[in-house]
Amino acid sequence: MDVDFIDLNFPDAPELQQRPAESPSMLFEAFDSSVCPDGSHRVVVTLAPQADDAPGELGLWAERTDSAALETGETVDLAGDSILTISLNGVAWIPDDDVTPETPETPIDEGGAFTGALWSGPTGGSAALLLGLGEASQFRAFTLTDPYRVVIDVRP
């Protein structure tokens with residue numbers, strides 16, 4: 001899949017991928033981070049369909065900020081010179097009785113462009129992946145299927 005990199009100095013929060021109106025929501029399954037031989041850094045979020053639903057499609061948005069903030073407005077401590085937030089529209093959480101959702105572990109491999117990560121959500125049908133950036137100049141975010149994944153690459 002050929003997806004263009006975007007300059008991290010983009011002016012406004014761009015829509016990277018539009019979500020079809022009737023697409024089923026997806027559930028968080030796993031998080032992985034790796035530093036590539038070319039010095040770029042890749043994060044992969046694996047998602048799964050809800051129950052017997054067919055895999056859905058996500059809407060992806062990007063925003064670069066000076067600090068990490070959750071959808072509630074609460075600021076969180078996340079290492080990095082700036083924060084790249086990838087919002088995922090179409091992510092759900094199916095609660096069991098008396099279960100409080102836990103924030104999944106988001107360990108970042110050292111030596112790449114990412115300095116930290118935090119999974120935030122889902123709330124109201126969307127979630128966000130907040131990524132602390134060190135030395136970075138461009139990024140791209142896209143989805144793959146079978147299994148369904150969101151891939152975020154950042155290069156120095």
Side-chain angles (χ1 to χ4, degrees), residues 1 3-19 23 25-36 38-48 50 56-96 99-144 147-156:
M1 170 175 268
V3 178
D4 291 334
F5 278 84
I6 298 171
D7 184 356
L8 277 165
N9 291 321
F10 58 90
D12 295 316
E15 182 176 22
L16 305 175
Q17 177 174 302
Q18 199 169 53
R19 179 174 184 241
S23 184
S25 293
M26 303 288 285
L27 303 173
F28 177 90
E29 191 168 88
F31 174 89
D32 186 46
S33 162
S34 60
V35 179
C36 302
D38 67 357
S40 63
H41 203 150
R42 172 168 280 184
V43 164
V44 178
V45 176
T46 305
L47 301 163
Q50 293 188 52
E57 291 186 49
L58 300 178
L60 298 178
W61 294 79
E63 182 178 21
R64 186 175 182 195
T65 58
D66 291 331
S67 62
L70 305 177
E71 287 186 14
T72 61
E74 175 188 358
T75 302
V76 292
D77 188 28
L78 186 61
D81 296 334
S82 63
I83 306 299
L84 176 63
T85 301
I86 303 294
S87 297
L88 296 84
N89 182 350
V91 177
W93 172 66
I94 299 177
D96 294 327
V99 173
T100 301
E102 293 184 21
T103 300
E105 292 292 318
T106 50
I108 288 291
D109 286 0
E110 293 184 15
F114 295 125
T115 56
L118 176 67
W119 177 258
S120 172
T123 58
S126 66
L129 181 60
L130 289 74
L131 299 162
L133 298 174
E135 189 174 322
S137 65
Q138 295 181 317
F139 82 101
R140 65 182 177 182
F142 56 95
T143 56
L144 298 171
Y148 202 90
R149 293 151 297 172
V150 175
V151 179
I152 301 106
D153 292 324
V154 170
R155 59 184 178 190

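Quick caveat, the model's predicted, so the values are computed rather than measured. All residue numbers in this chain count up from 1 along the given sequence.
For Phe28 and Trp119, the ring centers sit closer than 6.0 Å to each other. Phe139 has its ring centre no less than 6.0 Å from the ring centre of Phe114.
Residues Leu88 and Met26 fail the side-chain proximity criterion, which asks for heavy atoms closer than 4.5 Å. Side-chain contact between Asp32 and Arg42 is absent, with no heavy atoms from C-beta onward closer than 4.5 Å. Residues Leu58 and Leu47 meet the side-chain proximity criterion, which asks for heavy atoms closer than 4.5 Å. By the 4.5 Å heavy-atom criterion applied to side chains, Val154 and Val43 are not counted as neighbours. Residues Asp4 and Phe142 form no side-chain contact, since every pair of their non-hydrogen atoms from C-beta on lies 4.5 Å or further apart. Using a 4.5 Å cut-off on side-chain heavy atoms (C-beta onward), Leu16 and Ile6 make contact. Taking 4.5 Å as the limit, every side-chain heavy atom of Asp81 sits out of range of all side-chain heavy atoms of Leu133.
Once rounded to the nearest 0.5 Å, the distance linking OG1 of Thr65 with CG of Leu130 reads 7.0 Å. In this structure, the separation between CZ on Phe31 and CG on Leu118 is 9.5 Å, given to the nearest 0.5 Å. Rounding to the nearest 0.5 Å gives a distance of 10.0 Å between CD1 of Ile86 and CD of Glu63. Taking CG of Leu129 as the start and CG of Leu84 as the end, the distance is 8.5 Å to the nearest 0.5 Å. Of the inter-residue distances, the one linking Gln18 atom CD with Ser23 atom OG reads 12.0 Å to the nearest 0.5 angstrom.
Without hydrogens or angle criteria, Arg149 side chain to Val44 main chain gives no donor-acceptor distance under 3.5 Å. The backbone N or O of Leu27 sits nowhere less than 3.5 Å from a side-chain atom of Gln50 that would complete a donor-acceptor pair. The closest donor-acceptor contact from the side chain of Ser40 to the backbone of Asp153 lies at 3.5 Å or more, if one exists at all. At least one donor-acceptor pair under 3.5 Å links the side chain of Ser33 to the backbone N or O of Asp109. The backbone N or O of Ala117 sits less than 3.5 Å from a side-chain atom of Thr106, completing a donor-acceptor pair.
Heavy atoms only, all atoms of each residue included: Gly132 and Ile83 are closest at CA-CD1, 3.9 Å. The two atoms that bring Ala141 and Val3 nearest to each other are O-CG1, 4.4 Å, heavy atoms only. Pro156 and Gly39 get closest at one heavy-atom pair: CD-O, 3.5 Å. Across all non-hydrogen atoms, the minimal contact from Thr46 to Pro147 is CG2-CB, 4.3 Å. The minimum heavy-atom distance linking Thr143 with Gln17 is given by the pair OG1-OE1, 3.1 Å. For Thr85 against Ala128, the heavy-atom pair with the smallest separation is CG2-CB, 3.9 Å.
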Stepwise, does the side chain to side chain contact (heavy atoms under 4.5 Å, CB included) test hold for Asn9 with Arg64? CA-CA 8 Å; Asn9 291 321; Arg64 186 175 182 195; 3.3 Å; yes
Could you check His41 against Leu131 for side chain to side chain contact (heavy atoms under 4.5 Å, CB included), going step by step and ending with a plain yes or no? CA-CA 11 Å; His41 203 150; Leu131 299 162; over 6 Å; no
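Asp77 CG: 12 or fewer foreign heavy atoms inside a 6.0 Å radius. At most 12 non-hydrogen atoms from other residues, nucleotides or ligands lie less than 6.0 angstrom from CG of Asp66. Atom CD of Glu15 is surrounded by more than 12 heavy atoms from other residues, nucleotides or ligands within 6.0 Å. More than 12 heavy atoms of other shown residues, nucleotides or ligands fall within 6.0 angstrom of atom CD in Glu29.
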